[in-house]
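A quick write-up on the structure given underneath.
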Amino acid sequence: MDFIKMHGLGNDFVCLDRFLDPAENNPAETDYSELAQRLCHRQLGIGGDGLLLILPSEKADARMRIFNADGSEPEMCGNGIRCFARYIYEQGYVQKDQLTVETLAGIKPIRLQMKDGRVYGVTVDMGKPRLSAKEIPVNDHSDRVVNKRLEVLGKEIGITAVSVGNPHCVLFLDDFAETDVLAVGAALEKHPFFPAKTNVEFVRVDSGEEITVKVWERGVGPTLACGTGACASVVAAVLNGRTGRRLTVHLPGGDLQIEYAEEGRILMTGPAQYVFRGQLID
Ligand SMILES: N[C@H](CCC[C@H](N)C(=O)O)C(=O)O
């Protein structure tokens with residue numbers, strides 16, 4: 001089985017190209033949950049935060065499926081879709097710098113930044129955030145921004161819940177040293193307030209134009225970057241009046257440029273890089 005390894009700011013993915021032969025119809029390869037757990041394992045497999053499937057689409061230029069390292073299938077992946085877009089262009093499956101990708105969170109318009117025929121940056125229209133309790137989803141009856149105090153590890157913590165197709169729980173901190181990100185992240189991921197579990201972002205506001213974010217990802221754990229998490233953090237910062245609408249988001253793996261535009265759409269721009277091509281020895 002051939003695969004391609006890619007990453008977006010260190011959020012890394014094992015990619016299987018099924019564009020020309022959608023193996024989804026192939027019974028031998030339908031348990032992607034098991035396959036994701038096997039291929040993403042850092043010692044027993046290739047290693048990755050997730051498994052990306054590159055598939056044809058009847059509604060867009062291509063279709064992306066993403067599986068977390070624990071085998072769960074989330075609705076969307078921000079760093080992954082940038083890698084996906086670069087790959088399908090440079091593979092020749094699309095010959096244009098503006099394309100669309102079908103995901104479980106809807107069809108995402110994408111613009112490629114190119115130099116000498118190679119993609120050096122990708123801008124994704126991530127769409128509008130979902131803010132009502134049912135859409136996130138959370139166990140609450142608010143129909144507006146969900147700012148809530150939750151009991152976590154014996155302490156009360158203030159959070160903002162936002163969805164960008166997948167659920168996010170955003171906390172604002174003055175100093176990362178004040179919180180055990182790993183313990184609080186693990187506890188919040190599975191907190192009963194989030195019936196579909198959640199990604200968790202710890203955000204320090206550095207200025208009106210910059211935030212620093214650490215992430216605990218649903219179905220993965222701590223990652224070097226999370227595209228949807230960075231978008232959710234910007235939305236939460238704007239809704240809580242903490243920053244402007246156009247931010248540089250500093251993640252452990254690098255920076256993303258994100259704008260939560262006045263009309264409500266979120267634009268995310270960042271890199272997508274190859275690591276290696278390989279063959280799995282069964
Ligand atoms: N773990 C996330 C999916 C991957 C999102 C992340 N890799 C990104 O770049 O958005 C979830 O279960 O919703």
Side-chain angles (χ1 to χ4, degrees), residues 5-15 32-33 36-37 39-40 47-53 64-87 101 103-106 108 110 121-127 129-130 135-138 161-170 181-182 185-186 188-191 194-203 213-236 249-258 260 266-273 275:
K5 188 78 193 296
M6 296 187 81
H7 74 86
L9 300 179
N11 190 202
D12 61 338
F13 307 97
V14 178
C15 307
Y32 287 116
S33 173
Q37 294 173 69
L39 299 187
C40 292
D49 292 333
L51 170 66
L52 274 186
L53 290 188
M64 176 180 86
R65 288 184 75 183
I66 164 87
F67 291 82
N68 287 315
D70 74 348
S72 57
E73 183 173 10
E75 304 81 352
M76 180 50 189
C77 179
N79 289 312
I81 200 170
R82 296 199 315 274
C83 295
F84 180 99
R86 174 173 186 183
Y87 177 80
V101 173
T103 73
L104 287 178
K108 305 296 173 189
I110 292 184
V122 183
T123 296
V124 185
D125 177 345
M126 298 287 281
R130 288 83 156 166
E135 291 177 298
I136 295 174
V138 290
V162 177
S163 166
V164 281
N166 57 351
H168 292 270
C169 173
V170 182
V181 167
L182 297 181
L188 274 170
E189 175 192 359
K190 299 176 174 63
H191 193 285
F194 296 94
K197 297 198 283 185
T198 187
N199 298 283
V200 187
E201 285 79 31
F202 301 83
V203 179
V213 178
K214 290 189 178 200
V215 186
W216 175 281
E217 272 196 45
R218 176 179 64 168
V220 187
T223 60
L224 290 177
C226 179
T228 51
C231 293
S233 300
V234 171
V235 171
V249 180
H250 301 299
L251 294 142
D255 294 352
L256 287 174
Q257 302 303 324
I258 293 179
Y260 178 29
I266 309 160
L267 292 177
M268 169 188 66
T269 299
Q273 284 155 290
V275 186

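Order of listing sets the numbers, starting from 1, for every ligand and every atom in it. Since the structure is predicted, the reported quantities are computational estimates derived from the model, not experimental observations.
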First locate atom CG of N79, then atom CD of E217, and finally report the distance between them rounded to the nearest 0.5 Å. 8.0 Å
State the OG-CZ distance between S33 and F67, to the nearest 0.5 angstrom. 7.5 Å
Checking side chain to side chain donor-acceptor pair (under 3.5 Å) for the pair E201/S233: CA distance, chi angles, key distance, verdict? CA-CA 7 Å; E201 285 79 31; S233 300; 4.7 Å; no
Looking only at heavy atoms, what is the nearest atom pair of C40 and D49, with distance? SG-C, 4.4 Å
Check whether more than 12 heavy atoms from other residues, nucleotides or ligands sit under 6.0 Å from atom NZ of K214, and answer yes or no. no
Worked check of side-chain contact (heavy atoms from CB on, under 4.5 Å) between H168 and C231: CA-CA 10 Å; H168 292 270; C231 293; over 6 Å; no
Mind jotting down which protein residues get a heavy-atom contact under 4.0 Å with ligand 1? Chain and number order, please. N11, N68, P74, M76, C77, G78, N79, N166, N199, E217, R218, C226, G227, T228
